[in-house]
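The residues of the chain are indexed from 1 along the displayed sequence. Values in this document were obtained by computation on a predicted structure and should not be read as measured data.
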Amino acid sequence: MYAYRYDEETGGIELLNDDTVMHSNEPRPVYAQEMDFIGMDEHWKYKKQNDVPYLWAEANTYLYRGKVIAKAKGGSLYEKPVLEVAYRVNNDEKIQEFPDGTELMPIDIPGMIERNEEIMGIWEQMAVKAIFNYYRRKKRAQKGKKPIEYFHVAFSGGKDSIVLLDLVIRALPKTSFIVIFGDTGMEFPDTYDVVDKVEQRCKDEGIEFYRAASHLSPMKSWKIFGPPSQALRWCCTVHKAAPQTLKLREVLGKSDYVGADFVGVRKYESVNRANYDYENRGKKQKGQYSMNPILDWSSAEIWLYIYKHELLINETYKKGNARAGCLFCPMGGGKSDCFRNLCYPKEIKQYTDMIRETINDKNIESYITNRGWINRKNGRDLVGNASNYNEEIKDGYLYITVTNPKTDWREWMKTLGDLSFSYTVDQIPNGYVVKVSAWYDKTPEMKYFKSVFHKAASCIGCKVCEANCQNGCISFENGFHIENCKQCRQCHDIDSGCLLFHSIQMPKNGGFVMKSINTFADHAPKPEWVRDFFERQDEFLERNTLGPMQIQMFKRFLSEASLISQKTVTDFSGLVLRIGYESAVAWALIFVNLVYGNPQIQWYVKNMPVGEDFPREYLETKITERGVSEKDAKSIVKAFKRLSEIQMGTVLHFGTVTMEGKHILSLKRTKAVVDDHRVILYSLFKYAEACEGYYQFTLSRLLDHTVDSAGISPTKLFGVEREEMEQFLNGLTARYPEFINATFTHDLEKISLAEDKTSEDVLTLFEG
């Protein structure tokens, strides 16, 4: 909410009455325990007390009395970060900013609070008033809507929820809301101490306090689902969201309640949360309202509030942890992993042992140390993971084979109601085969139909579907059954229709997820290779001057661009020649194919937003966090330079690099040249096909690049913004109505692609 500076006199933070500066580096206090971990006691003197902090930290930078004292570099699960002492230069002489032996003084907390008293009073009152006004407004019945039946505070035991709860207690009558702690079973041990104390405070003040936990233990779910990852975050839904919903139903005695929760989300915590609104419906729990009262607060204001009101501090913050969520989370890493392992070795070992037990990797120790597990995207590497679900299109029919099903498909079929197509189910030993016309395979309805059999094949009763059903039709008590289903299909609004199926499914044949991200091995294509190929075609494939590794890597590039197949050129290659192989149109089509065919180029697109400069070292670090070796990471970064030197860079303007001599300083993806509407149409169909036939979507969805999906929006691909995209879509609708219809009227935006057309059909439009 406010800018801040470090006060040299108190050693604390001073807020500035200037709300035009909205950037925050998320400062956090640093206590003696963390200082000992990182080796500061080898340089400076300080009392070994953990009641009052000495420093502030911004990411890996430590500050004392407003000046940088040191930085932490590196660090992993089993390796401490290296402490780099800060120096300043005076007359070409490096002088240590705080000489060894300097005695460090604790932050003057009372002095810091006094200096911020006036401004703190203002924003505290604003937050309390906002909470009360929201409560009063939502409690009244609104036109055409049910009144809110309950209010609750989502409590986690972290600093933000501690502040949030205190604000709500100050704002509302104590009998007007309840508190729910979502116990994942994977919390920091120190968090449970905080929860016990907060529960007692609530009890003393007459506030109802509940704990919600999954019936599955974390170790059991990790074994069943496989370790969670950044792409497969089943843990949040199974262990947090669903149990809280089910606990509320138990407390309220009804399934179709209308409630509102107060959540301690802050926009400075992550890029995704920066786009949150103060109020929303259905973002946290389906059909329910939420308010984020401290959305605009930075951690500076959070800590000032905690110190001013002498609130509980989760001890895990004093051990070097910036956040107090799950103990071993795929969203963490580096230095924080090291601190957690130092403080909670027994608990951490449970998770690393489970990774060893569930993941099949010959370099398992490196896989764990380098956090390879956080990049899991499917069930390929899970030990003993034999798929019991298979799809095959043959002779005009789609066949779905399920063996050893976990639940009855007929129960799940109740959720769909009448279908527009017929199907048969024939029994086979240990399962059945579903047969349906392949014509329906790309229809929106088929998504739900397949979801039924995903659930039937994999469901073990995690109860997420039950939580999604606001009508209370799904139950796993006394065996799985569905009664009086309203066909709202909310139970299908889950990744692949079933989180377990999604987490353990095997990658589809030919999917990029089965390939290494380092696809060029220091032999990315050169301009002369590209020119030679297009000028000589098949003759080039038979006779060329490239070395064995060079031709192998270049053929892979050509194959994944759909320019060759096996040992011969393709019809698409002929189309490129007719368009002009040095034109932006031709390279835009090639680029689309590469993004869906080559995992390395897809990585660039997914991880490098258009227009942002990325230092070379940053990208190399980001790549190694996937479990890729440092050598391969350097190769992947160097390949970007090569790609920017062929027509993909010089003509299409895929990207640029900044050089210092022969050394790459930074890389940037740039806005591509798209001067033909048909390129956008082609990329839209490729997007829909990758998303399993979702042929209807909105422009807002295309512009929301935070959503992870198999398809990549053309706006992300080419760097096209809303206004230009609207022009493309309107032009395509006018010229090719048999392929696309886009509507933008009265705040309604809808894009519909013809379901009987394919991306291959779009290419025929370039023949004219």
Side-chain angles (χ1 to χ4, degrees), residues 152-158 160-161 179-192 194-196 199 209-251 261 263-265 269 283-286 288 290 314 316 321 323-332 340 344 347-348 350-355 357-358 373-374 376 379 382 455 458-469 474 476-477 491 493-504:
H152 94 267
V153 175
F155 186 74
S156 70
D160 299 333
S161 67
V179 180
I180 295 186
F181 167 54
D183 183 4
T184 64
M186 296 176 275
E187 313 294 332
F188 283 81
D190 296 302
T191 296
Y192 291 108
V194 170
V195 173
D196 290 342
E199 184 176 22
F209 186 101
Y210 298 94
R211 302 186 187 218
S214 171
H215 63 293
L216 296 172
S217 70
M219 288 301 99
K220 183 175 182 179
S221 61
W222 274 54
K223 189 167 185 176
I224 294 171
F225 286 82
S229 66
Q230 293 187 349
L232 301 170
R233 295 180 65 189
W234 55 264
C235 46
C236 296
T237 308
V238 171
H239 283 282
K240 199 157 193 174
Q244 288 187 62
T245 297
L246 296 173
K247 174 58 70 173
L248 284 167
R249 289 180 184 169
E250 176 189 324
V251 171
D261 51 13
V263 185
V265 166
E269 290 181 280
K283 197 161 190 121
K284 187 170 185 292
Q285 294 182 9
K286 292 186 180 301
Q288 306 306 304
S290 286
N314 190 321
T316 198
N321 294 292
R323 302 182 68 178
C326 290
L327 180 61
F328 201 55
C329 177
M331 307 308 288
R340 294 175 190 189
Y344 318 103
E347 290 81 3
I348 292 294
Q350 290 185 85
Y351 299 104
T352 55
D353 283 350
M354 184 54 66
I355 293 173
E357 182 180 340
T358 56
W373 61 280
I374 74 170
R376 188 174 72 88
L382 295 179
K455 293 175 183 293
S458 300
C459 174
I460 48 88
C462 72
K463 297 193 176 183
V464 172
C465 294
E466 182 177 344
N468 275 18
C469 180
I474 300 175
F476 289 87
E477 296 297 325
C491 60
D493 192 13
I494 300 169
D495 290 331
S496 299
C498 172
L499 284 180
L500 178 53
F501 179 90
H502 187 69
S503 185
I504 67 174

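- Taking CD1 of Ile474 as the reference point, atom SG of Cys465 lies at 5.5 Å (rounded to 0.5 Å).
- Side-chain atoms of Ser229 come within 3.5 Å of backbone N or O of Arg376 as a donor-acceptor pair.
- Cys462 has its side chain out of reach of Leu500: every pair of non-hydrogen atoms, C-beta onward, lies at least 4.5 Å apart.
- When atom types are taken as modelled, the side chain of Arg340 and the backbone of Phe188 share no donor-acceptor pair closer than 3.5 angstrom.
- Atom NE2 of His239 is separated from atom CG of Asp183 by 10.0 Å, given to the nearest 0.5 angstrom.
- In terms of modelled atom types and a separation under 3.5 Å, the side chain of Ser503 and the main chain of Leu499 share no donor-acceptor contact.
- A distance of 8.0 Å separates CD1 in Ile460 from SG in Cys498, rounded to the nearest 0.5 Å.
- In this structure the side chain of Asp261 reaches within 4.5 angstrom of the side chain of His152, judged on heavy atoms.
- If you look at Trp373 and Phe328, their ring centroids are closer than 6.0 Å.
- The closest side-chain heavy-atom distance from Cys459 to Phe501 is not below 4.5 Å.
- A distance-only check finds a donor-acceptor pair linking the side chain of Lys455 to the backbone of Gly497 [under 3.5 Å].
- Contact check for Trp222 versus Glu357: no side-chain heavy atoms found under the 4.5 Å cut-off.
- Taking each heavy atom of Pro330 and Gln230 in turn, the nearest pair found is O-NE2, 3.2 Å.
- The heavy-atom pair separating Asn468 from Ile494 by the smallest distance is ND2-CG1, 3.7 Å.
- Across all their heavy atoms, Val263 and Ser290 have their closest contact at CG2-OG, 4.2 Å.
- Panel note: side chain Asn314, backbone Val194; no donor-acceptor pair is recorded below 3.5 Å.
- In this structure a side-chain-to-backbone donor-acceptor pair under 3.5 Å is present from Asn321 to Thr316.
- Of the possible donor and acceptor atoms, one in the side chain of His215 sits under 3.5 Å from a partner among the backbone N and O of Gly461.
- Here the shortest heavy-atom pairing between Phe181 and Ser156 reads CE1-O, 3.7 Å.
- When side chains are defined from C-beta on, Cys235 does not count as touching Thr184, because their heavy atoms never get closer than 4.5 Å.
- With hydrogens and angles disregarded, no donor-acceptor distance shorter than 3.5 Å links the side chain of Trp234 to the backbone of Ser221.
- Ion pairing of Glu187 with Lys240 is absent here, as no side-chain N (NZ or NE/NH1/NH2) approaches a carboxylate O to less than 4.0 Å.
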TODO: Determine, step by step, whether Lys247 and Glu250 satisfy the side chain to side chain contact (heavy atoms under 4.5 Å, CB included) criterion, reporting the C-alpha distance in whole Å, the side-chain angles of both residues, the deciding distance to 0.1 Å, and the verdict.
DONE: CA-CA 5 Å; Lys247 174 58 70 173; Glu250 176 189 324; 3.5 Å; yes
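- In terms of heavy atoms, Pro227 sits closest to Ile355 at CG-CG1, 4.0 Å.
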- [ ] Would you check, one step at a time, whether the test side chain to side chain contact (heavy atoms under 4.5 Å, CB included) holds for Asp190 with Tyr344?
- [x] CA-CA 10 Å; Asp190 296 302; Tyr344 318 103; 2.4 Å; yes
Task: Test side chain to side chain contact (heavy atoms under 4.5 Å, CB included) applied to Leu248 and Tyr210, step by step - done: CA-CA 9 Å; Leu248 284 167; Tyr210 298 94; over 6 Å; no
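- With rounding to the nearest 0.5 Å, the separation of CG in Leu232 from CD1 in Ile374 is 12.0 Å.
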Open item on the list: Please determine whether side chain to side chain contact (heavy atoms under 4.5 Å, CB included) holds for the pair Leu216 and Lys463, giving the CA-CA distance in whole Å, both sets of side-chain angles, and the decisive distance to 0.1 Å.
Closed with: CA-CA 10 Å; Leu216 296 172; Lys463 297 193 176 183; over 6 Å; no
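- Rounded to the nearest 0.5 angstrom, Asp353 CG and Ile348 CD1 are separated by 11.5 Å.
- When every heavy atom of Arg249 is checked against every heavy atom of Glu466, the shortest pair comes out as NH1-O, 2.7 Å.
- By the 4.0 Å N-to-carboxylate-O rule, Asp160 lies too far from Arg323 to be salt-bridged with it.
- Between atom CZ of residue Phe155 and atom CZ of residue Arg211 there is a gap of 10.0 Å, rounded to the nearest 0.5 Å.
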